[in-house]
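For reference, the structure is listed below as structure tokens.
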Amino acid sequence: MWLTDSSIGRKLVMSISGVALVLFLLFHATMNIFSITDALFGVEYYNAICKFLGANWYALIATLGLAFLVVVHIAYAFFLEVQNYRARGRQRYAIEGKQPAVEWSSKNMLALGVVILLGIGLHLFNFWGKMQFVEIQHIFGIHVCETALANATNGVLIIKDTFANPVYVVLYLVWLGAIWFHLTHGVWSALHTMGLNNDTWMPRVKCISNVVATLVVLMFAAVVVFYFGVSLAA
Amino acid sequence: MERTINIKVKVWRQAGPKAKGHFETYALENISTDSSFLEMLDVLNEKLISERQEPVVFDHDCREGICGMCSLYINGHPHGPDSEITTCQLHMRKFKDGDTITVEPWRSAAFPVIKDLMVDRRAYDKIIQAGGFVSVNTGGVPDANAIPIPKRDADLAMDAASCIGCGACAAACKNGSAMLFVAAKVSQLALLPQGKVEAAARAKAMVAKMDELGFGNCTNTGACAAECPKCVSLSNIARLNREYLCAKMKD
Ligand code: HEM
Ligand code: SF4
Ligand code: FES
């Protein structure tokens, strides 16, 4: 199969899974913004979305699809990096020069990815474990406490609780920083891998990459900072 | 007026492909800043021979930046710290009195060391043999204007064709990827009507050979293009990806 046997095929899998994850992040970040506008205008759109994306068939299928993408992306990341380490050979250079044109993130995608993975773990524990997972447990007849079940679709409450804790605020901001670095290289690199680049478009594609990364990260960070502010004001 | 410098060169010495290598440091005095880097190594070798030691083995041929034989990794950069030149075009005026200059061979699993600073770069020849040619009988040479080619394509093909196959791209790459070289060789033909006929088969064959020889997966760091002595553009890699992916989709 050329998607596993050829280097460009493997890169294509990496880029498609990466871009799909970026699209998910764009959706997720946009949806999160409602948690701020709700608080400002006294409406309840965010929790309505949480209810909509609870443990029902379409949300569960989407969650499985998302998990599949993450697994493929990570499996290929290690697959590629091990091969690349071997390709460079056992004897390493005594001095590794730096080229000003080479982005730092492009050389540290795996390290950034591992930080992102740890962040995903924390995030699943903080939110998914208290929301969709509680509902799934309930459906399978596993006993969950009444308040946990009642709060499972109250996203705003869980956001408030989580970001009242400054430790989580710092951890989430570090995580978002890693995502920013990963995406400033990742987005243009993925387009380049798909062949969508040339000399004229190179600066534009890199600009798109920076804009997308910054937009995603700012939208997420806004929620973290806003609710930390709310906790200070309370 | 001629200036001279005293330097130390820290050179990788390795007796053979299987032998364990190590660094050896030599002091050199009164090296003219007008001399080239390879002339400096010639001076070192004369000195070693006069002291009945083995001279340092390194590749070189034209010494004017066109053959692609010279291949030294100097102070952390393929072809040295200067840009857009080969090792043979590097001048000693780029170094300061008292400097220690570290010289290593290309390090890539697909380019094994033969001896000292000389590596086996036949892997690139094998990639060319896999498809880097046009296999039609061209007969007599037609007039240059018989096949109209847009100026833009002609220029891009010419820029890609400036690749001299030196191997600095794979040597510079943290992933040991040969993509810039293969991209240049695929592009120079894919852009022209004569090469388009076999473009799909060529891209598939050359990439398959590149993978088989153990070169790494490109992650678009761009170190290759930054170090390439001929400034082959990174966007050639996007063209190679395009050619390859389109060829595979058609199958
Ligand atoms: C929010 C989650 C993530 C998103 C949106 C994302 C996105 C991307 C994108 C768009 C690329 C560029 C693909 C290309 O160059 O063709 C990429 C590359 C990469 N990702 Fe991720 N990624 C995520 C998580 C991870 C994780 C968890 C890991 C590893 C543990 C990881 C490791 C890598 C590596 C090593 C590369 C470079 C591979 C290459 O360029 O060939 N990523 N990522
Ligand atoms: S692309 Fe540049 S660095 Fe690579 S072999 Fe050709 S001339 Fe050398
Ligand atoms: S010796 Fe020919 S390019 Fe340097």
Side-chain angles (χ1 to χ4, degrees), chain A residues 1-3 5-16 76-77 79-110 185-186 188-203 205-206 209, chain B residues 10 12 14 21 23 73-78 81 83 102 104-105 107-113 156 159 170-179 203-204 207-208 210-211 214-223 225-227 233-246 248 251:
Chain A
M1 223 333 231
W2 68 279
L3 291 178
D5 298 342
S6 80
S7 58
I8 299 182
R10 289 189 288 267
K11 285 281 321 189
L12 183 69
V13 172
M14 206 62 207
S15 61
I16 291 179
Y76 266 72
F79 183 27
L80 289 172
E81 294 280 332
V82 167
Q83 284 186 327
N84 291 351
Y85 190 82
R86 283 216 198 106
R88 186 52 174 269
R90 217 167 297 134
Q91 190 69 54
R92 314 302 277 189
Y93 287 117
I95 302 182
E96 293 250 12
K98 282 200 173 56
Q99 300 84 12
V102 175
E103 310 147 57
W104 174 84
S105 45
S106 74
K107 291 182 151 183
N108 294 285
M109 289 297 270
L110 188 66
H185 176 69
W188 85 258
S189 172
L191 294 174
H192 196 83
T193 299
M194 295 173 190
L196 305 174
N197 205 356
N198 61 29
D199 283 328
T200 318
W201 273 84
M202 185 75 82
V205 165
K206 287 189 172 172
S209 199
Chain B
K10 191 175 154 197
W12 182 258
Q14 183 172 336
F23 280 106
Y73 194 87
I74 304 158
N75 282 349
H77 295 278
S83 55
T102 306
E104 300 175 72
R107 296 209 192 280
S108 167
F111 291 155
V113 172
L156 286 172
D159 287 346
C173 178
K174 92 182 222 310
N175 307 316
S177 165
M179 281 289 272
K204 281 190 286 185
V207 169
M210 168 184 88
D211 293 340
F215 288 104
N217 308 286
C218 170
T219 67
N220 305 320
T221 67
E227 296 288 10
S233 164
L234 201 61
S235 60
N236 285 299
I237 294 183
R239 183 178 301 104
L240 170 61
N241 289 332
R242 206 152 57 226
E243 292 283 332
Y244 183 84
L245 293 174
C246 288
K248 281 291 183 187
D251 288 354

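In what follows, every chain begins at residue 1, and chains take the letters A, B, ... in the order their sequences are listed.
Ranked by heavy-atom pairs shorter than 4.5 Å toward chain B, the options A/Ala101, A/Gly9, A/Ser15, A/Ala94 are led by A/Ala94. In terms of heavy-atom pairs under 4.5 angstrom with chain B, the leader among A/Val102, A/Leu191, A/Ile8 is A/Ile8. Ranked by heavy-atom pairs shorter than 4.5 Å toward chain A, the options B/Cys246, B/Pro112, B/Gly176, B/Ala238 are led by B/Ala238. For the options B/Arg239, B/Met210, B/Lys174, heavy-atom pairs under 4.5 Å to chain A are most numerous at B/Lys174. Interface check for chain A: of the options B/Val207, B/Leu234, B/Asn75, the most heavy-atom pairs under 4.5 Å are formed by B/Leu234.
In this structure the side chain of B/Lys248 never reaches within 4.5 angstrom of the side chain of A/Leu12, judged on heavy atoms. The side-chain heavy atoms of A/Gln99 and B/Thr221, taken from C-beta on, include no pair separated by under 4.5 Å. Contact check for A/Lys11 versus B/Asn220: side-chain heavy atoms found under the 4.5 Å cut-off. Side-chain contact check for B/Thr219 versus A/Leu80: every heavy-atom pair is 4.5 Å or farther apart.
Looking at B/Ala208, there are no atoms closer than 4.5 Å to chain A (heavy atoms on both sides), in backbone or side chain. Proximity to chain A is limited to the side chain of B/Phe23, based on heavy atoms less than 4.5 angstrom apart. Proximity to chain A is limited to the backbone of B/Pro105, based on heavy atoms less than 4.5 angstrom apart. Of the two parts of B/Ala171, the backbone and the side chain both hold a non-hydrogen atom closer than 4.5 Å to a non-hydrogen atom of chain A. Residue contact with chain A, scored on non-hydrogen atoms closer than 4.5 Å, involves the backbone of B/Cys218 exclusively. With a threshold of 4.5 angstrom between heavy atoms, A/Trp188 approaches chain B through side-chain atoms but not through N, CA, C or O. Heavy-atom distances place no part of B/Glu243 under 4.5 Å from chain A, backbone and side chain included. The parts of B/Ile237 that come within reach of chain A are both its backbone and its side chain, each placing non-hydrogen atoms under 4.5 angstrom from that chain.
Remark: B/Asn236 CG to A/Asn197 CG distance equals 11.0 Å, nearest 0.5 Å. Rounded to the nearest 0.5 angstrom, B/Asn241 CG and A/His192 NE2 are separated by 6.5 Å. From A/Leu196, atom CG reaches atom CZ of B/Arg242 across 8.0 Å, with rounding to the nearest 0.5 Å.
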Test log, rule side-chain hydrogen bond (donor to acceptor under 3.5 Å, both in side chains), inputs A/Asp199 and B/Ser235: CA-CA 6 Å; A/Asp199 283 328; B/Ser235 60; 2.7 Å; yes

Test side-chain hydrogen bond (donor to acceptor under 3.5 Å, both in side chains) on B/Asp211 and A/Ser7 and set out the steps. CA-CA 6 Å; B/Asp211 293 340; A/Ser7 58; 2.8 Å; yes

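Checking side-chain atoms of A/Asn84 against main-chain N and O of B/Asn217 turns up a donor-acceptor pair under 3.5 Å. Using modelled atom types, no side-chain atom of A/Tyr93 and backbone atom of B/Glu104 make a donor-acceptor pair closer than 3.5 Å.
By the neighbour-count criterion of 12 heavy atoms within 6.0 Å, atom OH of A/Tyr85 is sparsely surrounded, having that number or fewer from other residues, nucleotides or ligands.
Contact between B/Gly216 and A/Ala87 at its shortest, heavy atoms only, is N-CB, 3.4 Å.
By the 30° and 60° cut-offs, the orientation of the rings of B/Tyr244 relative to A/Trp2 is perpendicular.
Evaluation of the salt bridge (charged side-chain N to carboxylate O under 4.0 Å, His left out) test over residues 83-96 of chain A, restricted to residues two or more places apart or in two chains, returns A/Arg88-A/Glu96.
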